[in-house]
Number of protein chains: 2
Amino acid sequence: MNIGKAAAASGVSAKMIRYYESIGLIPEASRTDAGYRDYSDKDVHRLRFIRRARDLGFSVEKMSELLALWQDRDRASSDVKRIALEHVAELQRKARELQEMSETLAHLAGHCHGDSRPDCPIINELSEETGAEDKREVARPHFGATGLEPGRNRR
Amino acid sequence: MNIGKAAAASGVSAKMIRYYESIGLIPEASRTDAGYRDYSDKDVHRLRFIRRARDLGFSVEKMSELLALWQDRDRASSDVKRIALEHVAELQRKARELQEMSETLAHLAGHCHGDSRPDCPIINELSEETGAEDKREVARPHFGATGLEPGRNRR
DNA sequence: CTTGACCTTACCATTGTGGGAAGGTCTATA
DNA sequence: TATAGACCTTCCCACAATGGTAAGGTCAAG
């Protein structure tokens, strides 16, 4: 079957199938005389595996590991479990980070009148002078509370 | 002060300051005779504003809006609040998606022996044939359902 | 045989950030 | 004063994962 059919059958776009091939995540597809990529059911099976892993937030690199383990019928389940649990920890970390940002901002928004007047704790917080000047009365949950800043080197 | 000092004072890297200038988020800095960018305390203040907004997960585009509102002393606080709450919703959505992926995977890992034997429910789930049966109730965020995939983000 | 749907490769863009090279400048110290 | 080293400048490259588009070839149905 051609790439369009394989894409429809697997849920991975044709674009991404070519991309995965180009980076070596999947082997090069065989070609028809005309140069069209040709996929077997087995290939589609692998693509579905990839789609599911991707839906679970695995990176291409991790998917590569998982594919290798999948193909190795004798690997220990502990190897798979380790990768999975590492990924769970990573997902949790990211989710918590977003959650904390959300809560900080929701808190600020909760103190904002949200009317036609210009005074706004959200803006005040963002523009706050760390030094001397600019003393306001608003309740200010200082940023250090989020635990995000120390490691604000987001990749 | 030069860009290095401004970076240290604001928490925004010199690299990013130049980038923000290049995309028009901040105005072009004045220059010394030698061509060095020169920053005032006001400039640093703006950079700190930007850093804090970044820490709260705002995109450059949203920061641009916030900066405009910040500079407009007569804007209604409702305008700021609206942007903030939209962002809160976005953060919540992303956090929830990550959380769901995490839970699905943790659930699978919980059923994996994690020993030297090869049988592994995690791999089984990923490689399962959809044609056969599909009676799990795991959260699979099908594309289009979450609105996150179009830009599977995580910069 | 034409038409339209599909394939091919090869670029470009996205988002926000870092790395590095090649070359100019500033400053402190020998 | 000369020189080293820390800084600055611009410019280009890279990342992850995905979509878009253009130019051209192919296939199948009418």
Side-chain angles (χ1 to χ4, degrees), chain A residues 1-26 28-39 47 50-65 87 90 94 97-98 101 148 151-155, chain B residues 1-26 28-39 47 50-64 87 90 94 97-98 101 141 143-144 146-155:
Chain A
M1 89 187 73
N2 66 27
I3 199 171
K5 297 281 170 55
S10 68
V12 178
S13 73
K15 204 82 190 188
M16 291 311 298
I17 294 174
R18 294 193 195 99
Y19 171 69
Y20 291 148
E21 179 184 315
S22 78
I23 62 172
L25 179 65
I26 57 179
E28 290 191 14
S30 56
R31 303 286 185 128
T32 65
D33 290 346
Y36 281 24
R37 286 178 182 77
D38 191 42
Y39 297 91
L47 288 170
I50 288 171
R51 183 182 62 77
R52 291 194 181 113
R54 191 197 52 189
D55 285 348
L56 286 172
F58 282 99
S59 67
V60 165
E61 197 181 350
K62 287 291 180 67
M63 285 196 290
S64 186
E65 293 181 51
H87 189 51
E90 176 74 2
K94 289 181 183 173
E97 180 174 321
L98 291 174
M101 290 192 284
L148 253 176
R152 52 173 309 290
N153 34 303
R154 289 171 292 286
R155 291 153 292 287
Chain B
M1 85 188 75
N2 66 26
I3 200 171
K5 297 281 169 54
S10 67
V12 178
S13 73
K15 206 83 187 185
M16 290 312 298
I17 294 174
R18 294 193 195 97
Y19 171 69
Y20 290 150
E21 180 184 313
S22 78
I23 61 171
L25 179 65
I26 56 179
E28 290 191 15
S30 56
R31 304 285 185 132
T32 65
D33 290 347
Y36 281 23
R37 286 179 182 76
D38 191 42
Y39 296 91
L47 287 170
I50 287 171
R51 183 183 61 76
R52 293 194 179 113
R54 273 309 287 157
D55 286 347
L56 287 173
F58 282 100
S59 67
V60 166
E61 198 182 350
K62 286 289 181 70
M63 286 195 291
S64 187
H87 189 51
E90 177 76 1
K94 289 181 182 173
E97 179 171 323
L98 291 174
M101 289 191 286
F143 280 97
T146 70
L148 225 186
E149 304 73 21
R152 292 173 70 73
N153 57 347
R154 31 197 160 290
R155 61 214 110 265

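Residue numbers begin at 1 in each chain, while the letters A, B, ... track the order of the sequences.
- B:Asp38 is linked by a side chain to side chain contact (heavy atoms under 4.5 Å, CB included) to B:Ser30, B:Thr32, counting only residues two or more places apart in sequence or in another chain.
- Of all nucleotides listed (D:dA17, C:dG16, C:dC7), C:dG16 comes nearest to the side chain of B:Val60.
- Taking atom CZ on A:Arg18 and atom C1' on C:dT8, their separation rounds to 7 Å, with Å as the unit.
- Nearest approach of B:Gly57 to A:Met101, heavy atoms of both residues: N-SD, 3.4 Å.
- When the side-chain nitrogen and oxygen atoms of B:Ser13 are compared with OP1 and OP2 of C:dG18, one or more of them lie within a distance under 4.0 Å.
- Atom CD of B:Glu61 and atom C1' of C:dT15 are 11 Å apart (whole Å).
- One finds the NZ atom of A:Lys94 at 9.5 Å from the CG atom of A:Leu98 (value rounded to the nearest 0.5 Å).
- Comparing C:dT17, D:dT10, C:dC6 against the side chain of B:Arg54 picks out C:dT17 as the nearest.
- Atom-to-atom, CG of B:Asp38 to P of C:dC26 comes out at 12 Å; the value is rounded to the nearest Å.
- Rounded to whole angstrom, the span from the CE atom of A:Met1 across to the C1' atom of C:dC7 amounts to 16 Å.
- At least one donor-acceptor pair closer than 3.5 Å links the side chain of B:Arg54 to the backbone N or O of B:Phe58.
- Taking only side-chain nitrogens and oxygens, B:Asn2 never comes nearer than 4.0 Å to OP1 or OP2 of D:dC7.
- If you measure from atom CG of B:Leu25 to atom P of C:dT17, you get 11 Å, rounded to the nearest angstrom.
- At whole-Å resolution of the value, CZ in A:Phe58 and C1' in D:dA16 are 17 Å apart.
- OP1 or OP2 of C:dT9 lies within a sub-4.0 Å distance of a side-chain N or O belonging to A:Arg31.
- Take A:Glu21 and apply the side chain to side chain contact (heavy atoms under 4.5 Å, CB included) test, not counting sequence neighbours, and it matches A:Ile26, A:Glu28, A:Ala29, A:Arg31, A:Arg37, A:Tyr39.
- Taking side-chain N and O atoms only, B:Tyr20 has a distance below 4.0 Å to OP1 or OP2 of C:dT17.
- Across all strands, B:Arg37 comes closer than 4.0 Å only to sugar-phosphate atoms, never to a base (heavy-atom distances).
- If you check distances only, the side chain of B:Lys15 does reach the base of C:dG20 with a donor-acceptor pair under 3.5 Å.
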| said: Across nucleotides 24-30 of chain D, 5' to 3', mark each nucleotide with B, S or - according to how protein heavy atoms within less than 4.0 Å reach it. | reply: -BBS---
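- Atom pair B:Glu28:CD and D:dT9:P shows a separation of 13 Å (rounding to whole Å applied).
- Minimum atom distance to the side chain of A:Tyr19 is reached by D:dT18, of the listed D:dT18, C:dC7, D:dT10.
- The nearest whole Å value for the distance from the CD1 atom in B:Ile3 to the P atom in C:dG18 is 13 Å.
- For B:Met16, taking side-chain heavy atoms from C-beta onward, the closest of the listed nucleotides C:dG16, D:dC7, D:dG19 is C:dG16.
- A distance-only check finds a donor-acceptor pair linking the side chain of B:His87 to the backbone of B:Leu56 [under 3.5 Å].
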Can you give me every donor-acceptor pair (side chain of residues 6-19 of chain B, partner residue at least two apart or in another chain, under 3.5 Å) with its distance?
residue: B:Ser10; atom: OG; partner: B:Ala6; partner atom: O; Å: 2.8
residue: B:Ser10; atom: OG; partner: B:Ala7; partner atom: O; Å: 3.4
residue: B:Ser10; atom: OG; partner: B:Val12; partner atom: N; Å: 3.1
residue: B:Ser13; atom: OG; partner: B:Met16; partner atom: N; Å: 3.1

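- In this structure, CD in B:Glu61 is found 11.0 Å from CG in B:Leu25, a value given to the nearest 0.5 Å.
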